[in-house]
Amino acid sequence: MLIIGAVLGLFPLALGSVGTFMSVKHLRDKVVLRRRGVTVEALSAHKLHGRSEYRFIDGEGHKRTFKSSLNTGRLEVTYDPRNSKRMAASILLLLAVPVTVLAER
């Protein structure tokens with residue numbers, strides 16, 4: 001019985017740890033992008049499964065895509081020229097935590 005209680009107690013701990021890791025990673029990316037990122041306007045190409053895909057051309061002329069649960073026609077996207085996978089929507093940092101927690105469902 002004690003082992004079952006320990007296993008059931010570890011499940012919420014694991015979920016909380018994963019949620020904390022994702023939030024810290026997202027906020028770290030936002031800080032890095034705020035320091036060296038380039039902000040561009042991206043246009044919505046299409047919606048798929050409730051998420052919009054935005055397309056834009058970076059400073060070097062490469063076509064890039066960004067998927068977001070924010071469904072607008074235009075979105076300001078900040079990208080890292082050094083790391084092609086690091087992108088984020090340009091929203092207030094105060095709103096970044098609730099959006100991250102609610103969007104990672």
Side-chain angles (χ1 to χ4, degrees):
M1 194 63 147
L2 184 61
I3 294 173
I4 293 172
V7 170
L8 290 176
L10 290 176
F11 183 69
L13 177 65
L15 284 177
S17 298
V18 169
T20 301
F21 173 76
M22 293 300 291
S23 295
V24 168
K25 180 183 174 301
H26 180 76
L27 291 176
R28 183 198 57 159
D29 287 348
K30 293 287 281 186
V31 169
V32 169
L33 289 173
R34 211 174 273 278
R35 188 179 66 215
R36 70 173 181 230
V38 178
T39 303
V40 296
E41 188 174 272
L43 298 175
S44 178
H46 63 277
K47 277 176 80 170
L48 183 63
H49 306 296
R51 295 178 60 115
S52 291
E53 183 175 284
Y54 297 91
R55 294 187 181 155
F56 64 94
I57 298 176
D58 66 7
E60 297 176 355
H62 300 114
K63 293 181 181 179
R64 291 182 155 195
T65 60
F66 175 73
K67 294 179 183 173
S68 175
S69 58
L70 300 171
N71 295 316
T72 62
R74 296 174 186 232
L75 183 67
E76 286 187 352
V77 176
T78 304
Y79 70 93
D80 185 359
R82 296 183 195 169
N83 184 352
S84 63
K85 294 183 180 179
R86 184 176 288 155
M87 291 184 249
S90 297
I91 59 174
L92 295 174
L93 194 57
L94 180 64
L95 297 174
V97 173
V99 167
T100 301
V101 171
L102 295 174
E104 297 296 329
R105 40 187 153 98

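Heavy-atom basis, side chains included; hydrogens, waters and symmetry copies ignored. In this text the structure is predicted, and so the values were computed from the model without any measurement.
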Q. Got a sec, which residues hit salt bridge (charged side-chain N to carboxylate O under 4.0 Å, His left out) with Glu76, two or more places apart in sequence or on another chain?
A. none

Calculate, to the nearest 0.5 Å, the distance between atoms [atom1] and [atom2] belonging to [X] and [Y] respectively.
| X | Y | atom1 | atom2 | answer |
| --- | --- | --- | --- | --- |
| Glu41 | Arg74 | CD | CZ | 4.5 Å |
| Arg51 | Ser68 | CZ | OG | 6.5 Å |
| Lys25 | Arg86 | NZ | CZ | 7.5 Å |
| Met87 | Arg64 | CE | CZ | 5.0 Å |
| Asp80 | Asp58 | CG | CG | 11.0 Å |

Q | Non-hydrogen atoms of Lys30 and Ala89 that approach each other most closely | A | NZ-O, 2.8 Å

Q) Are Tyr54 and Val38 linked, directly or through other ILVMFWY residues, by side chains that come within less than 4.5 angstrom of each other? A) yes

(Q) Check this for me: does any side-chain nitrogen of one of Arg55 and Glu53 sit under 4.0 Å from a carboxylate oxygen of the other? (A) yes

Q. With sequence neighbours excluded, what pairs up with Thr78 under the side chain to side chain contact (heavy atoms under 4.5 Å, CB included) test?
A. Leu33, Thr39, Ser90

Q) Which other residues end up in the same hydrophobic cluster as Val7, if Ile, Leu, Val, Met, Phe, Trp and Tyr are linked when side-chain heavy atoms come under 4.5 Å apart? A) Ile3

Q) What do the steps show when you test Phe56 against Tyr79 for side-chain contact (heavy atoms from CB on, under 4.5 Å), and what is the final call? A) CA-CA 11 Å; Phe56 64 94; Tyr79 70 93; 3.7 Å; yes

